[in-house]
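Worksheet: the structure to be examined is printed underneath.
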Number of protein chains: 2
Amino acid sequence: MTVSKTAAVDAGKAARPGRKEPVEAAAEGTALQMGELSELLGYSLKRAQLKVFDDFLRCVAPLQLTPAQFSVLLLLDKNPGRNQTEIANTLGILRPNFVAMLDGLESRDLCARIRSTNDRRSHILVLTDKGRAVLTRAKKLVASKHEARLNELLGPANRAALLDMLATIAREF
Amino acid sequence: MTVSKTAAVDAGKAARPGRKEPVEAAAEGTALQMGELSELLGYSLKRAQLKVFDDFLRCVAPLQLTPAQFSVLLLLDKNPGRNQTEIANTLGILRPNFVAMLDGLESRDLCARIRSTNDRRSHILVLTDKGRAVLTRAKKLVASKHEARLNELLGPANRAALLDMLATIAREF
DNA sequence: CGGTATTTGATATGGTGGATAACAATTATC
DNA sequence: GATAATTGTTATCCACCATATCAAATACCG
């Protein structure tokens with residue numbers, strides 16, 4: 001029914017240290033009023049997304065992987081024998097834009113394009129050994145640093161609930 | 001188990017009449033396995049954000065306002081007498097990029113730059129009458145179409161919990 | 001079979017955001 | 001009063017995203 005107000009969720013509710021605000025606009029350092037912006041889901045959604053992506057980049061910096069690149073490696077590992085169109089489509093990447101992205105991964109020897117014998121138009125995408133190794137290390141970094149930090153902030157239950165709601169929106173909105 | 005019915009758990013069953021289901025025979029198009037991608041918060045976060053922004057654009061299309069423009073108008077309304085740097089900073093927009101954005105709003109007579117008498121370097125930003133009118137109409141569209149749709153999908157309690165968690169991430173992550 | 005349409009990967013290109021450097025005008029600091 | 005800092009601005013640069021188009025390969029269909 002109602003959502004339990006866990007400590008994590010209302011953790012940062014503390015108000016800012018109040019300061020006197022002169023009638024004149026001369027004073028500086030006064031925090032601006034967010035107004036209805038705080039109620040705009042899209043606003044918090046975007047700001048949270050930027051923070052999460054930024055943290056992801058830091059956590060996986062040793063491997064020089066972006067979130068998008070990581071998602072490609074993950075998908076290639078779980079779905080062998082697929083071509084560029086299939087991988088790009090399920091990630092919401094347009095085929096033209098996927099070409100340069102694959103070029104980057106292939107030039108780093110993380111994956112390879114193989115001409116399909118069935119359909120010589122398409123390229124079967126495969127992870128290289130190095131690609132698998134990098135993916136394994138990346139998964140560990142993401143789990144131990146990135147997702148762990150989110151769990152610490154929200155708590156496991158809230159994190160799961162958040163993930164579920166986001167997936168619902170992404171799927172049905 | 002101890003996890004209270006945290007919303008998201010039953011978010012999926014919140015109202016939604018079955019609409020488009022790719023139930024085609026699809027002898028060849030087997031869905032790809034998402035694997036650990038489903039557990040990556042950043043992935044669902046980004047996809048949800050894109051959906052929400054897309055819906056926002058549709059709902060407010062009659063007024064030709066982007067989420068960023070809407071947030072500027074909201075902020076100007078709630079914070080009179082502020083200059084470009086202050087508004088841009090609280091929205092996470094870099095000052096150089098805020099210039100063109102303001103040019104767009106000002107050219108449509110939604111807001112105006114006024115040279116400050118205190119500090120003749122800065123421009124005080126104000127909403128015009130038209131800007132206030134557009135903002136009022138935009139708020140109604142957002143509430144009745146956009147946020148209402150999210151409420152319908154998640155339920156009010158879940159939506160509030162989601163917003164709270166996103167704000168927490170945006171603030172403390 | 002042969003002609004047409006479709007698919008696949010690829011290129012080119014344009015638009016939009018985001019980030020940094022630099023600059024003139026103005027103000028703050030010492 | 002000389003120097004530093006701030007404000008708005010311009011000019012770039014780069015990452016993403018989207019569309020049109022193309023050659024090669026395949027599917028379709030009379």
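Here the structure is a predicted model, which is why all the values come from computation and not from measurement. A, B, ... follow the sequence lines: proteins, then strands. Residue 1 opens every chain.
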When rounded to whole Å, the CG to P distance for the pair B:N118 and C:dT26 reads 15 Å
Proximal nucleotide (of C:dT20, C:dG9, C:dT8) relative to the A:R121 side chain
C:dT8
Output the rounded distance in Å from CD1 (A:I87) to C1' (C:dG9).
15 Å
Picking from C:dG9, D:dG8, C:dA19, which would you name as closest to the side chain of B:S122?
D:dG8
Within this structure, what is the CG-to-P distance between B:L102 and D:dT7, rounded to whole angstrom?
15 Å
With nearest nucleotides of DNA chain C determined for A:D119 and A:N97 from heavy-atom distances, which residue corresponds to the more 5′ nucleotide?
A:D119
Taking only side-chain nitrogens and oxygens of A:K46, does any of them come within less than 4.0 Å of OP1 or OP2 of C:dG18?
yes
Taking 4.0 Å as the cut-off, does a side-chain nitrogen or oxygen of B:T85 come that near to OP1 or OP2 on D:dT6?
no
Of B:R113 and A:R120, whose closest DNA chain D nucleotide lies nearer the 5' terminus?
B:R113
If the threshold is 4.0 Å, N to carboxylate O, is there a salt bridge linking A:D129 and A:R132?
yes
Can you tell me how far P of D:dT7 sits from CD1 of B:I124, to the nearest Å?
11 Å
Before accepting this row, confirm whether a basic side-chain N of the pair B:E147/B:R159 lies closer than 4.0 Å to the acidic partner's carboxylate O.
yes
By nearest-heavy-atom nucleotide on DNA chain C, the more 5' of A:L50 and A:P96 is A:P96
Taking CG from B:D54 and P from D:dC16, how many angstroms apart are they, rounded to a whole number?
20 Å
Which nucleotide wins on minimum distance to the side chain of B:L94, given the candidates D:dT19, D:dA25, C:dT20?
C:dT20
Whole-Å distance separating the CZ atom of A:F98 from the P atom of D:dC16
14 Å
Atom CZ of A:R95 to atom P of D:dT21: distance rounded to whole Å?
17 Å
To the nearest 0.5 angstrom, please state how far the OG atom of A:S71 sits from the CG atom of A:L76.
9.0 Å
Pair A:N83-A:R121, side-chain hydrogen bond (donor to acceptor under 3.5 Å, both in side chains): steps then yes or no:
CA-CA 10 Å; A:N83 63 24; A:R121 290 171 297 186; over 6 Å; no
Sidechain N-carboxylate O distance under 4.0 Å for B:D55, B:R58
yes
Nucleotide D:dC17, atom P - distance to CD1 of A:I93 in whole Å:
7 Å
